Student: 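Dropping a structure here in structure tokens format, bear with me for questions.
Everything numeric in this text was worked out from a predicted model, so none of it was measured. All values below were derived from every heavy atom in this structure, side-chain atoms included, with hydrogens, water molecules and symmetry-related copies excluded.
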Amino acid sequence: MNENMNLIPSIEEIVCNVFKITSEELRDNRKFRSHTDARSVLFYLLHVKYYISFYALARYYDKHHSIIIRAVNKCELLKETDKDFYNKYHMCELQVENRLVS
């Protein structure tokens, strides 16, 4: 399995802090916008930036891989169309890079 799987807890913590939700809310299946946006950013960062496969993420989060794919696609769309979402995404991205580099 991908060694980047070890990064998941740290990245989860950052995403939760930026979106002001708990890790339980991040992992639940509720469809509140704040929760789904946070999950989209989390899955996007893990898949696109850290090369963790859809299937590995699906196994880790006990979800179907198509849910992960949809979340990543949603993140890509919202980054282009929703300024508030983009700002939160960018904050997550910068914090993840700063924490993992130092």
Side-chain angles (χ1 to χ4, degrees):
M1 194 173 274
N2 190 328
E3 70 273 356
N4 287 337
M5 296 294 281
N6 298 330
L7 302 174
I8 291 175
S10 298
I11 296 173
E12 272 187 11
E13 181 184 343
I14 290 167
V15 170
C16 287
N17 289 337
V18 169
F19 282 88
K20 296 177 176 51
I21 63 172
T22 66
S23 59
E24 291 78 23
E25 290 170 329
L26 181 72
R27 290 173 169 265
D28 72 16
N29 291 322
R30 289 189 173 162
K31 293 186 172 56
F32 295 131
R33 174 82 193 258
S34 59
H35 300 182
T36 61
D37 284 357
R39 282 191 290 271
S40 293
V41 169
L42 174 67
F43 296 149
Y44 181 88
L45 290 171
L46 292 172
H47 178 70
V48 174
K49 302 286 185 183
Y50 296 99
Y51 309 106
I52 300 174
S53 74
F54 293 126
Y55 295 103
L57 289 172
R59 279 194 304 277
Y60 187 88
Y61 287 100
D62 194 26
K63 298 188 181 299
H64 194 272
H65 71 276
S66 66
I67 292 171
I68 310 296
I69 294 169
R70 204 170 315 130
V72 169
N73 290 338
K74 175 187 171 190
C75 184
E76 289 175 343
L77 175 69
L78 287 176
K79 279 176 28 185
E80 296 173 5
T81 59
D82 184 329
K83 186 174 176 109
D84 184 51
F85 178 89
Y86 177 80
N87 290 337
K88 287 181 180 177
Y89 162 79
H90 192 63
M91 284 174 52
C92 291
E93 184 179 43
L94 290 175
Q95 288 182 33
V96 167
E97 289 173 5
N98 286 339
R99 181 177 290 183
L100 298 179
V101 169
S102 35

Student: Looking only at heavy atoms, which two atoms of L57 and F43 are closest? And how far apart?
Tutor: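 Closest approach of L57 to F43: CD1-O, 4.1 Å.
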Student: Just by distance, do the side chain of D82 and the backbone of L78 share a donor-acceptor pair under 3.5 Å?
Tutor: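 Side chain of D82 to backbone of L78: no pair is present.
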Student: Tell me whether I68 is reachable from L77 by hopping between hydrophobic residues (I, L, V, M, F, W, Y) whose side-chain heavy atoms are closer than 4.5 Å.
Tutor: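 No; I68 is not reachable from L77 via cluster members.
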Student: Just so I know, are the side chains of L46 and Y60 near enough to count as touching, which here means a heavy-atom distance under 4.5 Å?
Tutor: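 No; the side chains remain at least 4.5 Å from each other.
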Student: Quick one: closest heavy-atom pair of K88 and V18, and the distance?
Tutor: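 Taking every non-hydrogen atom into account, O-CG1, 3.6 Å.
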Student: In Å and rounded to the nearest 0.5 Å, what is the OH to CG distance from Y89 to L45?
Tutor: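 Going from the OH atom of Y89 to the CG atom of L45 covers 5.5 Å.
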Student: Going by side-chain hydrogen bond (donor to acceptor under 3.5 Å, both in side chains), Y44 matches just one of E93, K79, K49, R39. Which one?
Tutor: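 Result: among E93, K79, K49, R39, K79 is the only option passing the side-chain hydrogen bond (donor to acceptor under 3.5 Å, both in side chains) with Y44.
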Student: Can you tell me how far apart NZ (K74) and CD (E76) are? Round to the nearest 0.5 Å.
Tutor: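 Reported to 0.5 Å precision, the distance equals 13.0 Å.
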Student: I'd like to know if R27 and E12 make a salt bridge, using a cut-off of under 4.0 Å between side-chain N and carboxylate O.
Tutor: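 So R27 pairs with E12 through a salt bridge.
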Student: Distance from N98 atom CG to I14 atom CD1, nearest 0.5 Å?
Tutor: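 The distance works out to 8.5 Å.
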Student: Is any side-chain heavy atom of R99 closer than 4.5 Å to one of Q95?
Tutor: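 No, too far: nothing below the 4.5 Å cut-off.
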Student: What distance do L26 atom CG and T36 atom OG1 have between them, rounded to the nearest 0.5 Å?
Tutor: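 If I round to the nearest 0.5 Å, the distance is 10.5 Å.
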Student: Side-chain heavy atoms nearer than 4.5 Å, only ILVMFWY residues, links allowed to pass through others: does that put I67 and I11 together?
Tutor: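 The answer is no; the residues belong to distinct hydrophobic clusters.
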Student: Distance from D28 atom CG to I21 atom CD1, nearest 0.5 Å?
Tutor: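 Output value for this atom pair is 8.0 Å.
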Student: Minimum heavy-atom separation for S34 to F19, with atom names?
Tutor: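 The pair with the smallest heavy-atom distance is O-CD2, 3.9 Å.
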Student: For T81, which residues count as a side chain to side chain donor-acceptor pair (under 3.5 Å) partner, sequence neighbours excluded?
Tutor: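 Scan of T81 (side chain to side chain donor-acceptor pair (under 3.5 Å), adjacent residues dropped) gives none.
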Student: Give me the ring orientation class for F32 and H35: parallel if the planes are under 30° apart, tilted from 30 to 60°, perpendicular past 60°.
Tutor: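 Plane angle over 60°, so perpendicular.
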Student: Quick one: pull up CG in N87 and SG in C92 and give me the separation to the nearest 0.5 Å.
Tutor: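 Spacing of CG (N87) from SG (C92) equals 11.0 Å.
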Student: Mind telling me whether Y55 and H65 have parallel, tilted or perpendicular rings, with 30° and 60° as the class edges?
Tutor: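 It falls in the tilted class, 30° to 60°.
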Student: In the single-linkage hydrophobic clustering (I, L, V, M, F, W, Y; side-chain heavy atoms under 4.5 Å), do L94 and F85 co-cluster?
Tutor: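 Not linked; separate clusters.
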Student: Is any side-chain heavy atom of S66 closer than 4.5 Å to one of R70?
Tutor: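 R70 vs S66: side chains touch.
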Student: Would you say Y86 ends up clustered with V41 if hydrophobic residues are merged whenever their side chains have heavy atoms under 4.5 Å apart, either directly or through other cluster members?
Tutor: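 The answer is yes; both residues are in one hydrophobic cluster.
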